[in-house]
Amino acid sequence: MTEKVRLGYACVNMTLTNRPKKLGGRVTTSRTARKATWQNGSDDSKDWDLHLLGERTLLNANDLLHYLQWNNDHNIKLFRLGSELFPWHDHYELNELPQFDDISAKLLECGDYAKEHGIRVTTHPGPFNVLGSPNTEVVRRTIISLERHSEVFDLMGFEPSFENKINIHVGGSYGGDFDGTSKRWIAGWHKLSDNCKKRLVLENDDKPSMWSTQMLYDYFHKEIGIPITFDYHHHSFHPDELSEEAALKLAATTWPDNVRQCTHYSESRAREKQDPKIRAQAHSDYIVDEINTYGLELDIVIEAKAKELALLEYRNIYAYNKKGVLL
DNA sequence: CATGGTCAAGTGGCA
DNA sequence: TGCCACTTGACCATG
C-alpha cells in the first residue's frame, strides 16, 4: 500500500552534514577537491591525483549508505543524489580510480538497501549540462557527464528506468530558436547510451524565454517520449497559458504507467525573507504553503535550503503522522 | 580550529 | 559588464 504523496529532498542532509565531531563528524556524499589540489600542470597533462579523488569518492559512497538509512528511519523514501559523489567525474573513467572495487561494492550495497526499503533515488545534473547548445564542445562534455550519472545508477544495480530519473533542463533557447534548439537537443539525446536514455527526463524552466511544460510536451515528449518533471515554482514564471493543475496533469501523461510521476516543489525566498531585492527564482529555507496534488499520486522533491528539516517541518505543519503518512 | 574568501561547468535576466 | 540564480556546499589558506 503506497501513500498518495511521497516527499523527498535534495542532495544534502543538514543534520548529518553538520553532525558535531563528538558524534562522529560530518556525513556527506559531496566531498570534492579544488582543481588545483588534484591537478598538476595543465588541464590536459593527465598528471592527476586520482588516488585523492578515489579516497573522497569512497568516503562519499560510505556516507550514502548512512544517508539512505537515515532517510529510511525517518520514512523518507525519495532522495536526490548529488552530482559530486564521484568528484570531477567527467575527467576520468570511473573504474580508473584506484579504489574502484571498494567504491563499486559499496554503491551496490547502497542500491540493494534502497531497493529493499523502497527508496527512490534520483539525480539532477547541473545547469552546465546543455544538450541543445550550439557549441559542440559543450554538448560533448554534457554527454560525458550524463553518462557518468547513469553509470553511478548502473553501479548501484538499478535497472535503467525513469524510476531513477536523471533530471535536467533544456537550459537555453538562443534568442528564441526553439525549433533549432530542440533539434540539436534530440540529436544529442540519440547519442546517449540506452541506459542513459531510459533514465533521462526534462524539467520545465523558470524563465518566460525558455521551456514551459507545454513546450517540453510539444517539442520533446511528442518526438521521443521523454517524461516531464513538473516544477511548481518554475511553472509560475512560465505558465504558457496552462493553469498549474493543467500543466501538472499534462506532465502526468508523460510518465509510464509503472513509474510514479515525479515533481519538484519550492517557494520564493524573496517572500519568505520579505526582501524584494532577492531574485524571484531563489528558493526559500522552508516551505509553508500546502502543496496541491490535484488528486494525483505524486513523488515530490522539496527544494528548500533547509533540506530535510524543511520536509520534516512541512509534515509537522500539515499533520502527517510519525511515519510520514498524511492524517 | 574557526572563519571567510573562493571555487569547474552554460545560459539568461537584470542593475 | 558583472552579478545572480539555477543541482548542490565544501575546500583550504589564513589567523
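No hydrogens, no waters, no symmetry mates; every other heavy atom, side chains included, goes into these values. In what follows, chains are A, B, ... by sequence order, proteins preceding strands, each numbered from 1.
- No hydrogens or angles considered: nothing links the side chains of A:Gln281 and A:His234 as a donor-acceptor pair under 3.5 Å.
- In this model, the phosphate group of B:dT11 is approached by a side-chain N or O of A:Ser133 to a distance below 4.0 Å at OP1 or OP2.
- Counting only heavy atoms from C-beta on, A:Val138 has its side chain closest to B:dG10 among B:dG10, C:dC3, C:dA10.
- Spacing between atom CD of A:Glu137 and atom P of B:dT11 amounts to 12 Å, rounded to whole angstrom units.
- Counting any heavy atom pair closer than 4.0 Å across all strands shown, A:Ser173 reaches sugar-phosphate atoms only and no base atom.
- A:Gln69 and A:Asp73 share no donor-acceptor pair across their side chains, judged by distance under 3.5 Å alone.
- Counting only N and O atoms by type, the side chains of A:His264 and A:Arg80 include a donor and acceptor under 3.5 Å apart.
- Taking only side-chain nitrogens and oxygens, A:Arg26 comes nearer than 4.0 Å to OP1 or OP2 of C:dA10.
- Following rounding to the nearest Å, A:Phe128 (CZ) and C:dT8 (P) show an atom-to-atom distance of 12 Å.
- Regarding A:Leu85, its CG atom lies at a distance of 13 Å from the P atom of C:dA10, rounded to whole Å.
- Nucleic acid contact class of A:Ser209 (heavy atoms, under 4.0 Å, all strands): sugar-phosphate only.
- With the nearest nucleotide of DNA chain C identified for both A:Trp38 and A:Glu84, A:Glu84 has the one nearer the 5' end.
- For C:dC3 and B:dT6, the P atoms lie 11 Å apart once the distance is rounded to whole Å.
- Relative to the ring axis of A:Tyr174, A:Arg184 places its NZ or CZ within 45° and under 6.0 Å from the centre.
- Counting non-hydrogen atoms under 4.0 angstrom, A:Lys307 reaches the backbone sugars and phosphates but no base.
- Between A:His169 and C:dT7, a side-chain N or O to OP1/OP2 separation shorter than 4.0 Å is present.
- Rounded to whole Å, the distance from CG on A:Asn18 to C1' on B:dT3 is 15 Å.
- The phosphate of C:dT7 (OP1 or OP2) has a side-chain N or O of A:His283 nearer than 4.0 angstrom.
- Distance noted for atom P between C:dC12 and B:dA8: 10 Å (whole Å).
- Looking at heavy-atom distances under 4.0 Å, A:Thr28 makes contact with sugar-phosphate atoms alone, never a base.
- The aromatic rings of A:Tyr232 and A:Phe230 sit perpendicular to each other, their planes meeting at more than 60°, with 30° as the lower class boundary.
- Look at OH on A:Tyr174: it is 12 Å from P on B:dG13, rounded to the nearest Å.
- Within the 4.0 angstrom heavy-atom criterion, only backbone atoms of the sugar-phosphate kind lie near A:Gly171; the bases stay farther away.
- Using P as the reference atom, C:dT7 and B:dC7 are 23 Å apart when rounded to the nearest Å.
- Checked for salt-bridge contact, A:Asp299 and A:Lys77 miss the test: no charged N lies under 4.0 Å from a carboxylate O.
- In the set C:dT7, B:dG12, C:dC12, the nucleotide with an atom closest to the side chain of A:Arg34 is C:dC12.
- In this structure, the NZ atom of A:Lys35 is 20 Å from the C1' atom of C:dA13, given to the nearest Å.
- Taking 4.0 angstrom as the limit, A:Lys305 places a side-chain polar atom (N or O) nearer than this to OP1 or OP2 of C:dC6.
- Mapping A:Val12 and A:Arg31 onto DNA chain C via the closest heavy atom, the residue that lands nearer the 5' end is A:Val12.
- Counting any heavy atom pair closer than 4.0 Å across all strands shown, A:Thr123 reaches no nucleic acid atom.
- Here, C:dT8 and B:dG5 have their P atoms 23 Å apart, quoted to the whole Å.
- A salt bridge links A:Asp154 and A:Arg199; the closest N-O separation between the charged side-chain nitrogens and carboxylate oxygens is under 4.0 Å.
- No engagement by A:His149 is indicated, since no non-hydrogen atom pair under 4.0 Å with the nucleic acid exists.
- Base orientation of C:dT7: syn, since the glycosidic angle falls within 90° of 0.
- OP1 and OP2 of C:dG9 both lie 4.0 Å or more from every side-chain N or O belonging to A:Thr32.
- Atom OH in A:Tyr9 sits about 15 Å away from atom C1' in C:dG9, given to the nearest Å.
- Between A:Arg269 and C:dA5, a side-chain N or O to OP1/OP2 separation shorter than 4.0 Å is absent.
- The pairing partner recorded for C:dT8 is none, the criterion being a Watson-Crick or G-U wobble arrangement whose two distances lie under 3.5 angstrom.
- Per the geometry, CD1 belonging to A:Ile302 stands 15 Å off P belonging to C:dT7, to the nearest Å.
- Among the nucleotides C:dC6, C:dC11, C:dC3, the one closest to the side chain of A:Arg279 is C:dC3.
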